[in-house]
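To start, the structure itself, in structure tokens.
Any value given below was found using the heavy atoms of this structure, including those in side chains, with hydrogens, waters and symmetry copies removed. Numbers here simply count residues along the sequence, with the first being 1.
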Amino acid sequence: MTQTTSTGHATVGPTHARHVVLALVVGAYMITYMDRVNLASAVPVIQRDLGFSMITIGWIFAAFRWGYAFFQIPGGWMGDRIGGRRALSLVVIWWSIFTSLTAFTWNALSMGICRFFFGMGEAGAFPIATRSLSSWMLPTERGFAQGLTHAASRVGAALTPPLVVLLMIRFGWRTPFFLFGLIGLCWSVAWYWYYRDTPAEHLFTNVAERSLIEDSAGVRPARTQTVPWGSILRSHSLWTLSLMYFCYGYSIDIYLDWFPKYLNDHRGFNLTQMGFYASLPLLAGAAGDLFGGTVSDRCARRFGNLKLARRAVALAGFVLAAIFILPATFTSHSTASVLYSCVAVFGLEVTVGVAWAIPLDIGGEYAGTVASVMNTFGNLGSAVSPVLLAYLVRSHGWNVPFLVCSILCIVGALFSLAIDADRQIV
């Protein structure tokens with residue numbers, strides 16, 4: 001690609017290695033959610049095969065979430081210390097092995113342990129990927145990049161229920177776990193071969209692309225020797241962001257872990273119908289991820305106010321979700337419930353591109369660590385959600401958990417009003 005200057009001389013335009021890096025991260029995000037949602041899609045068959053109660057399934061879901069929550073900060077710290085190339089390759093290999101090993105579990109304890117170790121591996125994925133992108137993406141591309149990656153994760157989640165159902169009908173419930181693990185191992189090889197921790201280290205970037213990145217985002221070190229925990233933990237915006245993400249994590253987990261069971265048990269869909277309808281809210285969520293990140297970036301460019309751009313989009317998403325959860329819960333029409341749920345999940349996911357852009361905004365070279373703190377809180381919400389829902393359903397039916405979800409969306413909206421994306425931590 002060449003451009004012509006005002007003096008008539010041809011210049012070489014920037015290469016697009018950063019977009020290939022983004023595409024690889026998009027692939028990783030798809031795999032993370034495919035590996036998470038495969039269990040939710042297989043629950044009706046696993047319950048019949050192994051005799052698990054709903055409470056038991058809730059604790060197995062929670063085992064993944066506790067492992068995921070506890071190892072967020074170690075995962076983000078590892079990415080900051082050794083760089084995204086090695087760190088992301090290692091965690092993807094780890095969780096892919098335990099995804100495949102889930103196929104060989106025989107009781108609740110073995111499955112719970114396997115899902116806990118699987119969660120340990122996936123815990124580092126998003127913080128390390130965020131750290132990996134921080135050295136490559138322009139500031140005006142960050143919201144879009146985070147929206148695109150999280151949209152990919154929801155697309156992966158949306159594709160999983162019908163694919164798992166198809167594989168289960170043909171080969172049994174164990175086959176999807178084994179095959180999905182192999183996909184992750186193949187991705188880790190591609191990532192280690194192509195990615196480099198800084199544009200300067202990459203063979204496929206030219207001077208123009210390196211200058212474009214460095215002039216707009218600055219030069220980021222490939223890895224850091226120390227992490228300024230004092231400054232990070234004193235950040236008001238970080239704690240507000242983390243509490244907001246707790247509300248999001250609790251809410252979205254209902255749709256990731258329990259929505260297929262809800263459709264099968266409460267709304268009367270058979271297994272094939274469940275696989276189709278369970279994917280629709282997640283596809284709507286993918287659109288919400290793209291919409292939220294893109295609109296936030298455009299508002300920041302147009303009005304020159306990053307703080308307002310991040311706050312306004314997050315607020316709108318939470319309010320939309322809180323409103324539409326209610327008709328989705330109380331309508332007597334099963335198909336209408338799914339459609340209202342699509343709007344609710346769209347609203348929830350509008351907040352995600354914003355939430356994950358803010359660690360890049362305020363964290364700088366420590367974006368991986370900042371993101372890991374935020375995601376720890378999000379997954380503490382997700383760890384509480386599946387078990388609490390199982391007990392609430394047993395005691396009060398399916399409506400009460402969704403009412404709790406709507407209330408938490410309002411709380412998340414209030415927290416979003418206090419985040420300052422303009423104030424860097426260090």
- [ ] First locate atom CD of Gln47, then atom CD1 of Ile57, and finally report the distance between them rounded to the nearest 0.5 Å.
- [x] 5.0 Å
Task: Qualifying salt bridge (charged side-chain N to carboxylate O under 4.0 Å, His left out) pairs, either residue in residues 245-255, two or more places apart - done: Arg65-Asp253
Task: Under 3.5 Å: donor-acceptor pair, side chain of Thr205, backbone of Pro199 - done: yes
- [ ] Only counting residues at least two apart or in another chain, list the ones meeting ring pair (Phe, Tyr, Trp, His ring centres under 6.0 Å) with Phe61.
- [x] Trp258
Open item on the list: If you count every heavy atom of other residues, nucleotides or ligands that lies below 6.0 Å from Phe291 atom CZ, does the total exceed 12?
Closed with: no
Open item on the list: According to side-chain hydrogen bond (donor to acceptor under 3.5 Å, both in side chains), who are the partners of Asn399, at least two apart in sequence or on a separate chain?
Closed with: none
TODO: Compute the centroid of each ring, for Phe324 and then for Phe346, and state whether the two points are separated by less than 6.0 Å.
DONE: no
Task: From Thr149 atom OG1 to Leu24 atom CG, the distance as rounded to the nearest 0.5 Å - done: 13.0 Å
TODO: Please check if the distance between the ring centroids of Tyr29 and Phe126 is under 6.0 Å.
DONE: yes
TODO: Could you grab the distance from atom CD1 of Ile254 to atom CD1 of Ile325, nearest 0.5 Å is fine?
DONE: 7.5 Å
Task: Listed partners of Ser53 passing side-chain hydrogen bond (donor to acceptor under 3.5 Å, both in side chains), at least two apart - done: Thr56
Open item on the list: Any side-chain to backbone donor/acceptor pair from Ser337 onto Ala328? Under 3.5 Å, distance only.
Closed with: yes
Open item on the list: Test side chain to side chain contact (heavy atoms under 4.5 Å, CB included) on Tyr195 and Val20; report intermediate values, then the result.
Closed with: CA-CA 9 Å; Tyr195 181 77; Val20 179; over 6 Å; no
Open item on the list: Which residues pass the side-chain hydrogen bond (donor to acceptor under 3.5 Å, both in side chains) test with Asn305, not counting sequence neighbours?
Closed with: none
Open item on the list: Looking at every heavy atom in both Gly75 and Ile128, which two are closest together, and how far apart are they?
Closed with: O-CG1, 3.4 Å
- [ ] Indicate yes or no for a side-chain donor-acceptor contact from Ser382 to the backbone of Asn379 under 3.5 Å, with no hydrogens or angles considered.
- [x] no
Task: Residue that, paired with Phe177, satisfies side-chain contact (heavy atoms from CB on, under 4.5 Å) out of Val164, Thr102, Leu101 - done: Thr102
Task: Residues which pass side chain to side chain contact (heavy atoms under 4.5 Å, CB included) with Leu148, listed by chain and number, not counting sequence neighbours - done: Leu22, Val26, Phe144, Leu290
Task: Check against ring pair (Phe, Tyr, Trp, His ring centres under 6.0 Å), Phe415 and Phe246 - done: CA-CA 10 Å; Phe415 280 127; Phe246 177 94; 9.3 Å; no
TODO: Only pairs at least two apart or in different chains count here, so list each salt bridge (charged side-chain N to carboxylate O under 4.0 Å, His left out) that has a residue in residues 326-354.
DONE: Arg154-Glu349
TODO: Grab the two heavy atoms, one from Ala383 and one from Ala62, that are nearest each other, plus how far apart they are.
DONE: O-CB, 3.8 Å
Task: Candidate pair Met111 and Leu50, rule side chain to side chain contact (heavy atoms under 4.5 Å, CB included), full reasoning - done: CA-CA 11 Å; Met111 186 173 288; Leu50 299 181; 4.2 Å; yes
Task: Taking every non-hydrogen atom, the tightest pair across Trp95 and Ala125 - done: CZ3-CB, 3.6 Å
Task: Arg36/Thr160 under side chain to side chain contact (heavy atoms under 4.5 Å, CB included): CA gap, chis, key distance, verdict - done: CA-CA 9 Å; Arg36 293 184 202 185; Thr160 299; over 6 Å; no
Task: Of Thr351, Val345, Val352, the residue whose pairing with Ile252 passes side-chain contact (heavy atoms from CB on, under 4.5 Å) - done: Val345
TODO: Could you note down all residue pairs passing ring-ring contact (aromatic ring centres under 6.0 Å, His included) where residues 372-396 supplies at least one of them, sequence neighbours left out?
DONE: Trp239-Phe377
Task: Residue among Phe64, Phe98, Phe180 satisfying ring-ring contact (aromatic ring centres under 6.0 Å, His included) with Phe118 - done: Phe64
TODO: Evaluate the side chain to side chain contact (heavy atoms under 4.5 Å, CB included) criterion for residues Leu159 and Met34: first the C-alpha distance (whole Å), next the side-chain angles of each, then the deciding distance (0.1 Å), finally the verdict.
DONE: CA-CA 8 Å; Leu159 294 175; Met34 290 174 67; 5.8 Å; no
Open item on the list: Are Arg267 and Val338 packed together at the side-chain level, in the sense that at least one heavy-atom pair is separated by less than 4.5 angstrom?
Closed with: no
TODO: Hey, could you give me each pair passing side chain to side chain donor-acceptor pair (under 3.5 Å) that has a residue in residues 274-289? Not counting sequence neighbours.
DONE: none
Task: Distance in Å, Asn38 CG paired with Phe178 CZ, rounded so as to fall on 0.5 Å steps - done: 14.0 Å
Task: Short side-chain donor-acceptor distance under 3.5 Å, Ser296 and Arg310 - done: yes
- [ ] For His19, enumerate each residue passing the ring pair (Phe, Tyr, Trp, His ring centres under 6.0 Å) test, keeping only those at least two apart in sequence or located in another chain.
- [x] His16
Task: For Trp187 against Val92, the heavy-atom pair lying closest together - done: CZ3-CG2, 3.5 Å
- [ ] Not counting sequence neighbours, list each pair that qualifies as a side chain to side chain donor-acceptor pair (under 3.5 Å) and has a residue in residues 313-332.
- [x] none
Open item on the list: If I take atom CD1 from residue Ile82 and atom CZ from residue Arg131, how far apart are they, to the nearest 0.5 angstrom?
Closed with: 11.0 Å
Open item on the list: I'd like to check the salt bridge (charged side-chain N to carboxylate O under 4.0 Å, His left out) partners of Arg115; sequence neighbours left out, ordered by chain and number.
Closed with: none
Open item on the list: Whether Arg174 engages the ring of Phe104 as a cation-pi pair (distance to the six-membered ring centre under 6.0 angstrom, angle to the ring normal within 45°) should be assessed.
Closed with: no
Open item on the list: For Trp94 versus Gly121, what's the shortest heavy-atom pair and its separation?
Closed with: CD1-CA, 3.3 Å
TODO: Kindly compute the distance separating OG (Ser96) from CG (Leu185), expressed to the nearest 0.5 Å.
DONE: 4.5 Å
